[in-house]
Amino acid sequence: QVQLVESGGGLVQPGGSLRLSCAASGSIVSINAMGWYRQAPGKQRELVATITSGGNTNYVDSVKGRFTISRDNAKNTVYLQMHSLKPEDTAVYYCNADILLRLRLSYAPYWGQGTQVTVSS
């Protein structure tokens, strides 16, 4: 079993900052890509940012220049540093990781429980 524990969400004013973290635990052999998704009420879950095991990153256009995804492989943790937050960033943010577990034959996707980010004046 894998557990992804997220933290760092909260309420901030427009223009503020938050740092989300997500730590994976379990009988982990390897973690490939990791990412952050978000889902606002009434909308589909969308990909926000991804980072490969080698550190290559991609972002949805709406967050480029404002958000930074990073990872600490030694800690099995992925981060999302968010600056210049806008009301439209309000959503539940979920981390995702493709993980190879001990005694398993292939990678599988796992999800965090979600953390609420609310941007409001």
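Since this is a predicted model, take the numbers as computed values, not measurements.
- Going from atom CZ of Arg66 over to atom CD of Gln81 covers 12.5 Å, rounded to the nearest 0.5 Å.
- A heavy-atom distance below 4.5 Å is not found between the side chains of Lys86 and Pro14.
- Between His83 and Ser17, the closest side-chain pair of non-hydrogen atoms falls below 4.5 Å.
- Here the OG-CZ distance, from Ser27 to Arg104, works out to 8.0 Å after rounding to the nearest 0.5 Å.
- Closest approach of Thr77 and Ser21 over heavy atoms only: CG2-CB, 4.4 Å.
- Two different hydrophobic clusters hold Tyr37 and Leu20 under the rule that ILVMFWY side chains link at heavy-atom gaps under 4.5 Å.
- Tyr94 and Trp36 fall into different hydrophobic clusters, where Ile, Leu, Val, Met, Phe, Trp and Tyr side chains are chained together by heavy-atom contacts under 4.5 Å.
- Nearest heavy-atom pair, Val117 versus Gly9, reported as atom, atom and distance to 0.1 Å: CG2-CA, 4.3 Å.
- With Val2 as the fixed residue, the side-chain contact (heavy atoms from CB on, under 4.5 Å) test singles out one of Ile31, Asn76, Ile99: Ile99.
- Because its NZ or CZ atom is both nearer than 6.0 Å to the ring centre of Tyr79 and within 45° of the ring axis, Arg19 counts as a cation-pi partner of that residue.
- Under the 4.5 Å side-chain heavy-atom criterion for ILVMFWY residues, a single connected hydrophobic cluster contains both Leu80 and Val12.
- Considering every non-hydrogen atom in both Gly8 and Leu18, the closest pair reads O-CD2, 3.6 Å.
- Gln116 and Thr118 form a side-chain donor-acceptor contact under 3.5 Å, judged by distance and modelled atom types alone.
- Side-chain contact between Met82 and Tyr93 is present, with heavy atoms from C-beta onward closer than 4.5 Å.
- Formation of a donor-acceptor pair under 3.5 Å by the Glu6 side chain with backbone atoms of Thr115 is found in this model.
- The CD1 atom of Ile28 lies 7.0 Å from the CG atom of Leu101; values are rounded to the nearest 0.5 Å.
- Taken from OG in Ser30 to CZ in Arg102, the straight-line distance is 15.5 Å, to the nearest 0.5 Å.
- Annotation: side chain of Thr90 is not in contact with side chain of Ser120 (no heavy-atom distance under 4.5 Å).
- In this structure, Gln1 places its CD atom where only 12 or fewer heavy-atom neighbours from other residues, nucleotides or ligands lie under 6.0 Å away.
- Following chains of ILVMFWY side-chain contacts shorter than 4.5 Å, one can reach Leu47 starting from Trp111, so the two form part of one hydrophobic cluster.
- A heavy-atom distance below 4.5 Å is found between the side chains of Pro109 and Asn96.
- The distance from the CG atom of Leu100 to the OH atom of Tyr107 is 5.0 Å, given to the nearest 0.5 Å.
- Here the closest heavy-atom approach between residue Ala24 and residue Leu4 is recorded as CB-CD2, 3.1 Å.
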In residues 51-63, what donor-acceptor pairs under 3.5 Å come from side-chain atoms, sequence neighbours left out?
residue	atom	partner	partner atom	Å
Thr52	OG1	Gly54	N	3.3
Thr52	OG1	Gly55	N	3.3
Thr52	OG1	Asn56	N	3.1
Tyr59	OH	Ile69	N	2.9
Asp61	OD1	Lys64	NZ	3.0
Ser62	OG	Arg38	NH2	3.4

